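Below is one structure, written out as structure tokens; comments come after it.
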Amino acid sequence: MFDDGSPIYRQIADQIKAEIMNGSLEPGGKVMSTNQYAAFYQINPATAQKAFRELVDEGVLYKQRGVGMFVAEDARDKLSADFRERFFERVLAPLVREARQAGIPLTDIIDYLRTQEGALK
């Protein structure tokens, strides 16, 4: 699981987010504890805890004292909104800047995207 070069806590958080997005973890569903993650993946519990803390801070998970960690009811919506925002910043903003520099009208870009709309479905 841990092989992309990014910090392990980040990979854990990303895995949990992916499980929420694909429906493996549902809203209100219980998530393994930090100790269970640490034992399963043979990592330091503090590493797992850092991932969980980040997800709690983002509002993706919530903690019930003495019971465990759970997926927030609106976690998928939050993750989708975050992905959308990052997509616009990472992909579309540079595209618009480059098109502006090249003198390509926004309407040409929109027309092109409309011709590709079938590929997006």
Side-chain angles (χ1 to χ4, degrees):
M1 170 181 168
F2 307 117
D3 60 358
D4 74 1
S6 65
I8 292 173
Y9 81 90
R10 166 78 6 237
Q11 293 179 57
I12 293 169
D14 289 346
Q15 177 191 353
I16 292 170
K17 288 176 181 182
E19 290 173 358
I20 292 168
M21 291 304 293
N22 72 25
S24 298
L25 288 174
E26 296 182 2
K30 189 171 182 175
V31 180
M32 278 195 288
S33 73
T34 56
N35 288 333
Q36 288 170 321
Y37 258 88
F40 186 81
Y41 291 111
Q42 298 180 340
I43 59 171
N44 187 318
T47 301
Q49 186 172 0
K50 187 171 182 178
F52 280 69
R53 189 176 327 116
E54 184 174 284
L55 293 169
V56 168
D57 290 347
E58 292 175 11
V60 174
L61 299 180
Y62 66 93
K63 187 179 197 175
Q64 275 191 306
R65 190 177 204 86
V67 180
M69 289 280 190
F70 297 85
V71 177
E73 292 299 323
D74 60 347
R76 191 158 196 231
D77 293 338
K78 285 182 182 187
L79 292 172
S80 292
D82 182 53
F83 178 85
R84 178 185 166 97
E85 184 178 320
R86 284 184 290 121
F87 174 79
F88 279 100
E89 290 173 7
R90 191 179 69 249
V91 176
L92 293 182
L95 178 139
V96 170
R97 280 192 303 275
E98 193 169 325
R100 187 177 296 131
Q101 289 174 348
I104 300 171
L106 182 59
T107 54
D108 287 359
I109 296 170
I110 293 168
D111 290 343
Y112 177 80
L113 290 173
R114 285 194 175 120
T115 66
Q116 302 301 308
E117 189 173 1
L120 296 175
K121 292 184 179 179

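Given the structure is predicted, the values throughout are model-derived calculations rather than measurements.
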Taken to the nearest 0.5 Å, the spacing of Asn44 CG from Gln49 CD works out to 9.5 Å
In short, Ser80 meets Met21 closest at the heavy-atom pair OG-CE, 3.2 Å
Quiz prompt | Ile20-Tyr62 co-clustered via ILVMFWY side chain contacts under 4.5 Å | solution = no
Contact check, side chains of Val71 and Val60, non-hydrogen atoms, under 4.5 Å = no
Less than 3.5 Å apart, any donor N or O on the side chain of Ser24 or Asn22 sitting next to an acceptor on the other?
yes
Is it the case that more than 12 heavy atoms not belonging to Gln36 sit under 6.0 Å from its CD atom?
-> yes
**Message:** Tell me whether Arg84 at atom CZ has more than 12 heavy atoms from other residues, nucleotides or ligands lying less than 6.0 Å away.
**Reply:** no
Residues passing the salt bridge (charged side-chain N to carboxylate O under 4.0 Å, His left out) test with Lys17, sequence neighbours excluded, are Glu58
Rounded to the nearest 0.5 angstrom, the OG1-CD1 distance for Thr115 and Ile110 is 12.5 Å
Quiz item: Angle class for the Tyr37/Phe52 ring planes (parallel below 30°, perpendicular above 60°, tilted otherwise)?
Solution: perpendicular
key: same_hphob_cluster(Met32, Ile16) at 4.5 Å side-chain heavy-atom cutoff   = yes
Excluding Phe87, membership of its hydrophobic cluster (Ile, Leu, Val, Met, Phe, Trp, Tyr; side-chain heavy atoms within less than 4.5 Å) reads Phe83, Phe88, Val91, Leu92
Pairwise side-chain contact, Lys30 with Met69, heavy-atom cut-off 4.5 Å (strictly under) = no
- Query: Do Asp82 and Arg86 sit within salt-bridge range, that is, some charged N less than 4.0 Å from a carboxylate O?
  - Reply: yes
Smallest heavy-atom separation, Ile12 atom then Ala48 atom, equals CD1-CA, 4.1 Å
Interatomic distance, CG@Leu95 vs CZ@Arg100, rounded to 0.5 Å, equals 10.5 Å
Legend entry - Gln15-Gln11 side chain donor-acceptor pair, cut-off 3.5 Å: no
Ala13 and Ala51 have their tightest heavy-atom pair at N-CB, 3.9 Å
Under 4.5 Å between side-chain heavy atoms, hopping through other hydrophobics if needed: is there a path connecting Phe70 to Val56? no
